[in-house]
Amino acid sequence: MTAFEMIQLFAGFIGSLCFGILFNIRGKRLAAASFGGLLSWGLFLMASRLIPNEPIDYFIVAAAVSLYSEIMARILKTPATPITTTSLIPLIPGGSLYYTMTSALESDFNDFLGKAVSTLKLAGALALGIILVTTLSQILFKHIAKRNNRTR
């Protein structure tokens, strides 16, 4: 791991920490969410080396971080949404959205369409990763709860 990648990981941690403070997350939840930011960017760096398709990287990382958030939510007895949201802050495609809007404002519609589609793919991949894991975890925990109620 290079020094530049270490700085990126630290920035992911600090970015998630700051957004966690902004979202009024405190204590152990803030630590879990901040570590999630570091984790999300670290996983993205690894995934982007292995898979050269950025939307697939985003999907994989979003699913993995959502799983981390669900597990931490159960451990900390808190909702998973604040942890998930804060942990995925480093992956928000802000730069891509900025360049999309710049192309639109410059009336370069061919460039705008290409960048808009790319930005929507990234945002959609994030959403699909979150939805997949959240839905599967809810189904799993409901099944476990029903099973535990039958055995009592």
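Rounding to the nearest 0.5 Å places OG1 of T102 at 6.0 Å from CD of E106. I7 CD1 to I14 CD1: the interatomic distance, rounded to the nearest 0.5 Å, is 12.5 Å. Between the OG atom of S16 and the CD1 atom of I21 there is a distance of 11.0 Å, given to the nearest 0.5 Å. Taken from NZ in K121 to OH in Y58, the straight-line distance is 13.5 Å, to the nearest 0.5 Å. In this structure, L97 CG and L120 CG are separated by 9.0 Å, a value rounded to the nearest 0.5 Å. The structure places CD1 of I139 at 11.0 Å from OG1 of T134, a figure rounded to the nearest 0.5 Å.
Side-chain atoms of L9 and M1, non-hydrogen and from C-beta on, do get closer than 4.5 Å to each other. Looking at M101 and F112, their side chains come closer than 4.5 Å, going by heavy atoms from C-beta outward. Residues P93 and L126 are in side-chain contact: their nearest non-hydrogen atoms beyond the backbone lie under 4.5 Å apart. By the 4.5 Å heavy-atom criterion applied to side chains, N53 and P55 are counted as neighbours. With a 4.5 Å cut-off on side-chain heavy atoms, S96 and Y98 do not count as touching.
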Next item on the list: Give the intermediate values and the outcome of side chain to side chain contact (heavy atoms under 4.5 Å, CB included) for residues L22 and C18.
Entry: CA-CA 6 Å; L22 184 68; C18 292; over 6 Å; no

Next item on the list: Could you go through the side chain to side chain contact (heavy atoms under 4.5 Å, CB included) check for I130 and L88 one step at a time?
Entry: CA-CA 10 Å; I130 294 167; L88 290 173; 3.4 Å; yes

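Hydrophobic cluster membership is shared by F35 and L17, with clusters built from Ile, Leu, Val, Met, Phe, Trp and Tyr side chains linked at under 4.5 angstrom. Placement of Y68 and V133 within a single hydrophobic cluster is found when ILVMFWY residues are connected by side-chain heavy-atom separations under 4.5 Å, directly or transitively. Both L76 and I71 are part of a single hydrophobic cluster, where members link through side-chain heavy atoms under 4.5 Å apart. Criterion: ILVMFWY side-chain heavy atoms under 4.5 Å apart, direct or through other members. Under it, I131 and L91 are not part of a common hydrophobic cluster. Note on V61 and L67: same hydrophobic cluster, where clusters join Ile, Leu, Val, Met, Phe, Trp and Tyr whose side-chain heavy atoms are under 4.5 Å apart, directly or indirectly.
A donor and an acceptor atom, one from each side chain of N24 and R26, are located under 3.5 Å apart.
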What donor-acceptor contacts under 3.5 angstrom involve side-chain atoms of residues 39-51, with partners at least two apart or in another chain?
| from | atom 1 | to | atom 2 | distance (Å) |
| --- | --- | --- | --- | --- |
| S40 | OG | G36 | O | 3.4 |
| S40 | OG | G37 | O | 2.9 |
| S40 | OG | S87 | O | 2.8 |
| W41 | NE1 | Q8 | OE1 | 2.8 |
| S48 | OG | F44 | O | 3.0 |
| S48 | OG | L45 | O | 3.0 |
| R49 | NH2 | E5 | OE1 | 2.8 |
| R49 | NH2 | E5 | OE2 | 2.3 |

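Applying the side-chain hydrogen bond (donor to acceptor under 3.5 Å, both in side chains) test to pairs two or more places apart or on separate chains, those with a residue in residues 70-83 are R29-T78, E70-S137.
No donor-acceptor pair closer than 3.5 Å links the side chain of T86 to the backbone N or O of F19.
Closest non-hydrogen pair, A62 versus A125, comes out as CB-O, 4.3 Å. Summarising the geometry of I83 relative to S69, their closest heavy-atom pair is CG2-OG, 3.5 Å, with the distance given to 0.1 Å. Taking every heavy atom of both residues into account, G15 and I89 meet most closely at O-CG2, 4.4 Å.
At most 12 heavy atoms of other shown residues, nucleotides or ligands fall within 6.0 angstrom of atom CZ in F10. Within 6.0 Å of atom CZ in F23, more than 12 heavy atoms from other residues, nucleotides or ligands are found, so the atom counts as buried in its surroundings.
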